[in-house]
Number of protein chains: 2
Amino acid sequence: MQEITGLELSPKKVEYLKFLFKKGGLVRTTDISTQLKVDPSTSTKAISDLAETGLVEHIPYRGVRLTEAGQSYAEFLINRHNILSLMLSHYGLSPEEACGEASRFESLVSKTAVDKICTSMGHPMTSVCGKIRHVSCGIS
Amino acid sequence: MQEITGLELSPKKVEYLKFLFKKGGLVRTTDISTQLKVDPSTSTKAISDLAETGLVEHIPYRGVRLTEAGQSYAEFLINRHNILSLMLSHYGLSPEEACGEASRFESLVSKTAVDKICTSMGHPMTSVCGKIRHVSCGIS
DNA sequence: CATATGTTTGGTATATGCTCAAAACTTTTG
DNA sequence: CAAAAGTTTTGAGCATATACCAAACATATG
């Protein structure tokens with residue numbers, strides 16, 4: 001994934017990647033299916049898809065791990081979520097509401113837009129749902 | 001549609017409804033397919049779906065018209081779009097960017113959130129892409 | 001009223017996401 | 001250290017949303 005547009009992954013795939021990042025290391029299929037509340041077979045399938053994109057490495061019967069590309073992409077995904085949540089919280093949404101709304105639509109917000117929002121907010125360090133790291137954020 | 005959550009329709013269905021509202025009156029299948037750049041058969045299908053929800057009335061070979069429910073729902077959809085676009089434009093996105101981003105994700109933003117954003121912005125009357133009418137906006 | 005135009009139907013395709021049952025593999029344990 | 005128990009994967013199948021094409025159908029017009 002050379003240029004990140006932010007629109008590469010489907011909503012669910014984004015969830016998987018964010019979870020893998022937060023969990024860290026080798027993650028078991030069951031952990032994922034428990035967390036995302038789906039059948040283990042569903043998470044196995046999703047992981048196979050992600051493995052094909054090169055974002056994760058799947059060791060069958062062992063677990064999944066983010067690749068280096070996956071790490072930095074997941075970091076973008078989490079920053080995007082945090083920035084959008086923070087933005088929404090500025091409009092009177094509670095942290096939970098903001099976080100929930102952002103989770104629903106974040107996969108459709110481009111990196112370009114996120115970068116502008118981030119810049120406009122002055123590259124904040126913390127959101128309502130986590131710290132923000134301005135690594136791939138196109139600081140201007 | 002008793003209580004509007006804002007999450008009733010798929011992205012494309014939202015587009016159809018917004019277009020029908022803007023066009024007004026009885027709209028022909030071809031107008032729709034031309035506008036949304038899809039095959040006429042595709043728009044016929046979408047319209048059938050919408051007709052089942054009671055938001056539009058389809059008179060075969062004649063055209064489609066919003067029902068009263070469809071009218072007010074479409075008004076909500078357009079306000080949502082306008083409010084989200086305006087919000088984004090406050091973060092340095094150009095009108096075109098703001099409008100484009102909003103179009104991508106608006107169908108996943110709840111009415112509750114939109115109402116809060118609208119209130120927080122002081123119920124603005126105009127956005128970067130159209131006027132705003134605060135009819136169903138839960139003015140507080 | 002026959003033909004041109006516009007619309008709908010039916011078949012088919014892709015993408016995403018999901019479940020269940022059975023097979024395959026790993027781990028535990030007697 | 002083999003059988004039982006537990007976990008993971010595979011394969012078949014289903015649902016939704018979106019799309020196209022070709023054929024059938026309705027309407028409008030010359």
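Lettering follows sequence order; numbering is per chain, from 1.
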A.B. asks: Please check if the side chain of His134(B) supplies one atom and the backbone of His123(B) the other of a donor-acceptor pair under 3.5 Å.
C.D. replies: yes
A.B. asks: Figure out the NE2/P separation between His58(B) and dA26(D), and round it to whole Å.
C.D. replies: 14 Å
A.B. asks: Could you tell me whether Phe76(B) and Tyr73(B) have their ring centroids closer than 6.0 angstrom?
C.D. replies: yes
A.B. asks: Could you measure the distance from the CE atom of Met121(A) to the CG atom of Leu86(A)? Nearest 0.5 Å is fine.
C.D. replies: 4.0 Å
A.B. asks: Does Lys111(A) come within less than 4.0 Å of Asp115(A), counting only side-chain N to carboxylate O?
C.D. replies: yes
A.B. asks: Between Thr67(B) (side chain only) and Gly70(B) (backbone N and O only), is there a donor and an acceptor less than 3.5 Å apart?
C.D. replies: yes
A.B. asks: Write down the distance between CD1 (Ile32(A)) and P (dT9(D)), rounded to a whole number of angstrom.
C.D. replies: 9 Å
A.B. asks: What is the separation between atom CG on Asp31(A) and atom P on dG6(D), rounded to the nearest whole Å?
C.D. replies: 17 Å
A.B. asks: Using a 4.0 Å heavy-atom cut-off to protein, can you give one letter per nucleotide of nucleotides 10-17 of chain C, 5' to 3': B if the base is in contact, S if only the sugar-phosphate is, - if neither?
C.D. replies: BB----SS
A.B. asks: When the distance from CD1 of Ile47(A) to P of dT7(D) is rounded to whole Å, what number comes out?
C.D. replies: 16 Å
A.B. asks: Output yes when Lys18(A) and Glu106(A) qualify as a salt bridge under the 4.0 Å nitrogen-oxygen rule, no when they do not.
C.D. replies: yes
A.B. asks: Starting at CD1 of Ile59(B) and ending at C1' of dT8(C), how long is that distance when rounded to a whole Å?
C.D. replies: 15 Å
A.B. asks: If the plane angle is over 60° it's perpendicular, under 30° parallel, otherwise tilted; pick one for Phe105(B) and Phe105(A).
C.D. replies: parallel
A.B. asks: Nearest whole Å is fine: how far is dA17(D) C1' from Leu50(B) CG?
C.D. replies: 13 Å
A.B. asks: Quick check on DNA chain C: between Arg62(A) and Asp39(A), whose nearest nucleotide comes earlier from the 5' end?
C.D. replies: Asp39(A)
A.B. asks: Rounding to a whole Å, what distance do you find between Tyr61(B):OH and dT29(D):C1'?
C.D. replies: 18 Å
A.B. asks: Describe the nucleic acid contact of Pro40(B) in one word from base, sugar-phosphate, nothing, applying a heavy-atom distance below 4.0 Å.
C.D. replies: base
A.B. asks: Using a 4.0 Å heavy-atom cut-off, does Thr44(A) contact any base of the nucleic acid, only the sugar-phosphate backbone, or nothing at all?
C.D. replies: base
A.B. asks: Within this structure, what is the OH-to-C1' distance between Tyr16(B) and dA17(D), rounded to whole angstrom?
C.D. replies: 11 Å
